[in-house]
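Reviewing the structure listed below.
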Amino acid sequence: MWKQVDKFVYEIPLGAKEGMRVPGRVFASETIFKQAEADKALEQVVNVATLPGILRYSLAMPDIHWGYGFPIGGVAAFDVDHGVITPGGIGFDINCGVRLLVTPLTEEQVRPKLGALLDVLYKEVPSGVGSEGFIKLSVRELDKVLEMGAKWAVEQGYGTFEDLERLESQGQLKGADASKVSKRAKERGLEQLGTLGSGNHFLEVQKVDEIFDEAVAKQMGLSLGQVTIMLHTGSRGLGHQVATDYIDVMLKASKKYGIKLVDKQLAAAPFKSEEGQDYWAAMQCAANFAWANRQVITDYIRKAFAKVFGNEIKDKITVIYDVAHNIAKLEKHMVDGMEREVVVHRKGATRSFPAHHPELPSIYENTGQPVIIPGSMGSSSFLLVGLPGSMEQSWGSTCHGAGRVMSRKEAIRKGNYGTLMDSLGEKGILVRSAERETLLEEAPEAYKDVDEVVHVVEELGLNRKVARMRPMGVVKG
DNA sequence: ATGTTC
């Protein structure tokens, strides 16, 4: 039923499955499309197309793979009045995202002290499943975190106000309402602010390996051989609990509002219903928690660098940008020649606004929004910018990473710890991690080729490449 | 992703 309609575009027509309201569309190369066919991800694209109020297409980015309800890499926009909101279109780790920092240091300066630096980073940034941070919040204070996001962290002395304008949505969604977050979710969040987590979350010391757009790279303060830091983490147990709580609410709401579910994991409520608005407010709280989390960790990273390279380095480590991967946003987009407000779900997908978009800070007004694409462990990461093509084709969205080809279990079964460590060692990459299994789960073999994923979004005109970063050292949970 | 089966 799926048909290639353009070089990197595959489509399934309306009517291929009963209940479809729009066609399905996947952005992929031939290799990537075949990988998507192998798991249930394509079927999930079709399932999403049946949700009420979905506009134009059920989309998937080239890092598509199987997820809960929506595929990971899934993007869908819904009519604000007649459409739905669904936790399955956002994910368990609400506002899982990536932040890129740049240091004034070169690879030559960092390499001799890399081992010591990673030891300090590993100690200063708590990681691992269930890890607790150095901050112990009262419920009252946590409520402020949930409603203020990264701004709370800056007001407490974690980083600077200049950091905030370089975060998607300035690190704060204004519709957050802490009273919509359960007691249990809050309990899980009380001791997890400033923690990295586990799985694919990481903190990486990198060097700029190649520059594709000199002018934009220069404007962003990046030059060849310069050391960058990439941080990938989300809303931890708090976001997970918000998702769990509201999936239950949505199952009941789906029944109540007569939403026919082809997959229970797509449980949804009308966006404007009470249930829809409650989740909307709680989801924004979890998103804010994640932005506060990355802001606090940014401060820890600066302090760790200061311990190894001297105090004056601290103020010279700047934020390039911070993007959300798992989130829903109210945005203005063109639909049939008219500007409309729509609810965009990005599930393992990154916002990718072009130059001159009103939501961009003045420093990126002419470059387009920075888009940060982490590769798999030990492979390169990319810095891209958004292009007008993303507004035309993908609701201002693009891919979010390499995307899995193996499940975590499969990766553990097929992987070999010694071989993995040898191959990282050969590349000169140092690793600090508590869990061997986490490293096996994240082995490069378990992921697609990030170069190919980025090639697809570039060829489609969603993004332009600015720079590629290679890892020097990795901290993982 | 996740106090990895409240």
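A, B, ... follow the sequence lines: proteins, then strands. Residue 1 opens every chain.
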Rounded interatomic separation in angstrom, taking CZ from R408(A) and P from dT5(B): 12 Å
Sugar-phosphate, base or nothing in reach of G234(A), heavy atoms under 4.0 Å: nothing
Between C1' of dT2(B) and CD of E187(A), the distance in whole Å: 16 Å
Interatomic distance where CZ belongs to R184(A) and P belongs to dC6(B) [whole Å]: 8 Å
Between Y246(A) and E275(A), a side-chain donor and acceptor under 3.5 Å: no
Separation of dC6(B) P from K183(A) NZ (nearest whole Å): 18 Å
Sugar-phosphate only, base, or nothing, as touched by S198(A) at under 4.0 Å among non-hydrogen atoms: sugar-phosphate
F92(A) CZ - dC6(B) C1' separation (whole Å): 14 Å
Protein-nucleotide distance (N326(A), atom CG; dT2(B), atom P), rounded to Å: 11 Å
Whole angstrom value for the distance that separates C1' of dT4(B) from CD1 of I412(A): 10 Å
Earlier contact from the 5' end, DNA chain B, for V129(A) and C96(A): C96(A)
Between R294(A) and T233(A): side-chain donor-acceptor atoms closer than 3.5 Å: no
Test: R346(A) and E331(A) ion pair at under 4.0 Å: yes
Whole-Å gap separating P (dT2(B)) and CD1 (I90(A)): 17 Å
Geometric class of the H325(A)/H400(A) ring pair [parallel <30°, tilted 30-60°, perpendicular >60°]: perpendicular
